[in-house]
Amino acid sequence: MHAIFFCFSSSSRFFSPPFFDLCGEPLTLTLCRTGTDETKPPEYTSYFFFNVTNAAAVVQGAKPALKMIGPFTYVEKSVKSNVQWDESRVRVNYTYLTQYYLLDQICTEPVVNTAELPACTLDDNAVITVGNAPLMGFIWQLMSHFHNATEIELDALGLAIEYIIEKINKNHPNPKEQEPFFITRPVKEILWGYNDTLLGDLGTLVDDLHRHFPKLTVNLTDISPFIGFQSNFTLQTQMNVSAINTGKEDYTQAFHLDAWAGNEGSMSLWKGCDTRDSVGVRYNEQGNMINGTDAIQFHALIEDGEILQVFSTDLLRSAELFPQGHIELKGIDMVRYTISPHVLQNASQYPPNCAFDNFGPMGVLNVTRLINGPAFFSKPLFYDADPIYRTWVDGLGETDFAQHETYLDVEPWTGAVMHAHQRLQINLRYEYNPYIYSMSNFTKDGFYLPVFWADEWGVISDSLAADWKDEIGFVLGLGQTLQTAAVVTGLSLFTIALATAIAVAARRLPSSQEESTSLIKGINSDY
C-alpha cells in the first residue's frame, strides 16, 4: 500500500559542532575523527496555513477569502545510517531519516511579521478549512484520460464525477456542512496525514463507475487511504541511497550531491518537452540533472560574484543561486544569495522550463505530473509572481523580500551557510469545468488556492559565531597573502582553521555506520 504525499518538504540543516577535520591535501574533505552533535542549535520549520472562510460561496462562484494562520513550528532531527566511503574517497554514500517534533513553546498570539520568526508555535490541533487535495487529484487523473474526448464522452465523465461527489456528501457525518471541494480538519492531520474517505472508498467507487460507464477506463489500485502533505519519516531517503562528493579531485565539487534518494545523477521525473537547446541537449535531460549541493554547505574559497549551484529537494530540480552583495551578521562578513529568477519563469520567458510544463503565468512551478494532482509551488503569497495570481483570491496581504523571499547568507572563505530562510508555498489549481456541474460555477479563470507556506529557517548561534571569530576570524585577519600562501603550501595552520570553520558552521559527514549525525536532509514524501 502506498501513502500519498504531495512532495512538499524542507531541507536545511545548520551549524553542527565539530564533527570532522580536513587533513592531508588542503581543501580536500578527508575524515580524520568523529564527534557528536549534542550542541547543535535547533533547526525549525514554521508552517502558515490559509484558512478558507467562505467555502460554500466559492462553490457558487465567489473568490476564495483567505485568512493566514501560523506559525505551526516544528523542530527537525535527521538520522544518517548505512554510511559508506568509496575506495577512492571521492564520495560518501548514506541513507537518512528525518523527523519533526512540535515545539513545546506556545506562541501567545499569531505572528504577523514573518521576517524573523520566534521559536514558538500555535497549537496544531487548530481546525481549519483548506482545499480538498484528494478530490482535486482524483478529478485531474480522470480528466487526463480524456484529452481528445467527444462532447458525449465529456458529459458522461462529468456525470461520473458528480456521482463521486454525491457519494462523498453521503458519507460525511454532517452532509449539510460538507463542501466536497474543501476539507475541514486539524492542522496536524492536514500536514502529517489522515485517512481520507474518498481514497478509502476508491476501489468501490471505481467499480461503481465501471458499472455505470462501461467505456470509462480507470485503473487505480494499491492506493492507501492515508494522505498528507508531508511525511514525518522520509521513507524515500531512508530506503534509497544518497551520495555526496568529498571534493578530493576538485575542491569546488565538495558537498555536491552525486546521487539523491536512489537517483544517480538524474531524477528521471520531468517529462514536459523533448526540445533541444542550442548545443543539442534535451531540456528534459537538463531538468532532471542533479547539480550542486543541497544549499547547506558549499565549497571553500568562494570567489567574489561566483554563482552557486544547488539541488533543491523541495522543488526536485537543480537551480542557481545568485549573489546579492555582502551583509554582516554577528560580526561575520557573509554574501547573501537568492534563487535564480529562472526557476519560476514560464517556458516563454525561459525555454528550458518547458521540461516542467511551466506554460502559465510566471511565478509558479508546475508539479502536477509529478504528484498526479493539480499542485503548483510558488513563493509565499505569490511573491515575485505575475500579479494575476493575487487577483484570484482575497486576503493574502502585502509581500516583501524580508518575509517571503528565500535567501542564504554564506561565509565565503569556508562556504558555510550561517543564516537562511528557505520558503515555499503549495497551491491547488481549481478550474472552471462546464461538464462537471459542481465545478461549473467556479470563476471562468479558475484560481490557484494557497494551502500553506513553509519557512525552514536557522541562524548561527551566538556561541558558535564567537567560536568562528576566535578560531577563523583571527586567521583571516592575518591578511590575504598569508591565506593564499597557506592554500598553496598546505600549511597546517590554515588547514586546521578551515576545518574548524566548516565543522563549526556547517553540516558534518559521519565516519562510519555507527555515527548518525547530520549530513543532508531531503524531501519528505513517498510515491
Side-chain angles (χ1 to χ4, degrees), residues 10-23 27 29 31-46 73-80 98 101 103 105 115-119 254-255 293-302 326-337 407-422 455-478 483 493-511 515-521:
S10 42
S11 56
S12 296
R13 287 185 86 71
F14 301 93
F15 328 122
S16 298
F19 198 78
F20 69 90
D21 287 337
L22 308 186
C23 51
L27 308 182
L29 309 188
L31 188 65
C32 296
R33 65 179 176 84
T34 63
T36 67
D37 65 346
E38 295 177 355
T39 61
K40 180 175 64 61
E43 303 149 23
Y44 304 105
T45 300
S46 296
T73 302
Y74 299 81
V75 177
E76 306 168 34
K77 293 186 179 179
S78 286
V79 176
K80 308 302 177 293
T98 302
Y101 303 89
L103 277 181
Q105 182 65 39
E116 292 297 340
L117 294 168
F255 299 103
T293 78
D294 66 347
I296 311 308
Q297 171 73 50
F298 299 94
H299 68 80
L301 303 184
I302 296 173
H326 286 256
I327 64 104
E328 183 177 299
L329 177 68
K330 300 186 178 183
I332 302 173
D333 179 67
M334 304 181 199
V335 178
R336 174 155 292 178
Y337 279 86
Y407 63 85
L408 293 80
D409 295 334
V410 183
E411 197 290 305
W413 285 96
T414 63
V417 178
M418 295 190 175
H419 178 219
H421 283 275
Q422 195 164 262
D455 184 352
E456 186 162 16
W457 55 280
V459 61
I460 189 170
S461 66
D462 291 342
S463 61
L464 290 181
D467 288 344
W468 189 96
K469 287 184 286 187
D470 289 344
E471 300 178 22
I472 308 305
F474 171 77
V475 176
L476 298 182
L478 295 179
Q483 295 160 26
L493 175 62
F494 186 80
T495 304
I496 294 172
L498 185 58
T500 306
I502 296 180
V504 167
R507 202 170 356 181
R508 243 45 69 210
L509 296 175
S511 64
E515 291 292 343
S516 59
T517 59
S518 59
L519 175 59
I520 296 175
K521 181 173 73 62

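Scored by the side chain to side chain contact (heavy atoms under 4.5 Å, CB included) test, Ala115 finds Asn113, Ala402, Gln403 as partners (sequence neighbours excluded). In this view, Gln105 and Cys120 satisfy the side chain to side chain contact (heavy atoms under 4.5 Å, CB included) rule, not counting sequence neighbours. For Tyr74, the ring pair (Phe, Tyr, Trp, His ring centres under 6.0 Å) criterion is met by Tyr47, Trp192, not counting sequence neighbours.
Between atom CG of residue Leu103 and atom OG1 of residue Thr45 there is a gap of 10.0 Å, rounded to the nearest 0.5 Å. Note that the CD1 atom of Ile332 and the NE2 atom of His419 stand 12.5 Å from one another [nearest 0.5 Å]. The OG1 atom of Thr414 sits 9.5 Å away from the CG atom of Leu301 when rounded to the nearest 0.5 Å.
Looking only at distances, a side-chain donor or acceptor of Lys330 sits under 3.5 Å from a matching main-chain atom of Ile460. Between the side chain of Glu43 and the backbone N or O of Trp457, no donor-acceptor pair lies under 3.5 Å. Looking only at distances, no side-chain donor or acceptor of Glu411 sits under 3.5 Å from a matching main-chain atom of Trp468.
Shortest non-hydrogen contact noted between Leu408 and Ala295 is CD2-O, 2.8 Å. The heavy-atom pair separating Val417 from Ala420 by the smallest distance is CG1-CB, 4.0 Å. Between Leu329 and Val459, the closest heavy-atom pair is CD2-CG2, 3.8 Å. Nearest heavy-atom pair, Phe298 versus Phe255, reported as atom, atom and distance to 0.1 Å: O-CD1, 3.8 Å.
The side-chain heavy atoms of Leu117 and Thr73, taken from C-beta on, include no pair separated by under 4.5 Å. The side-chain heavy atoms of Ile302 and Val410, taken from C-beta on, include a pair separated by under 4.5 Å. The shortest side-chain heavy-atom distance between Asp455 and Gln422 does not fall under the 4.5 Å cut-off.
Of the candidates His326, His421, Arg336, Asp409 forms a side chain to side chain donor-acceptor pair (under 3.5 Å) with just one, namely Arg336.
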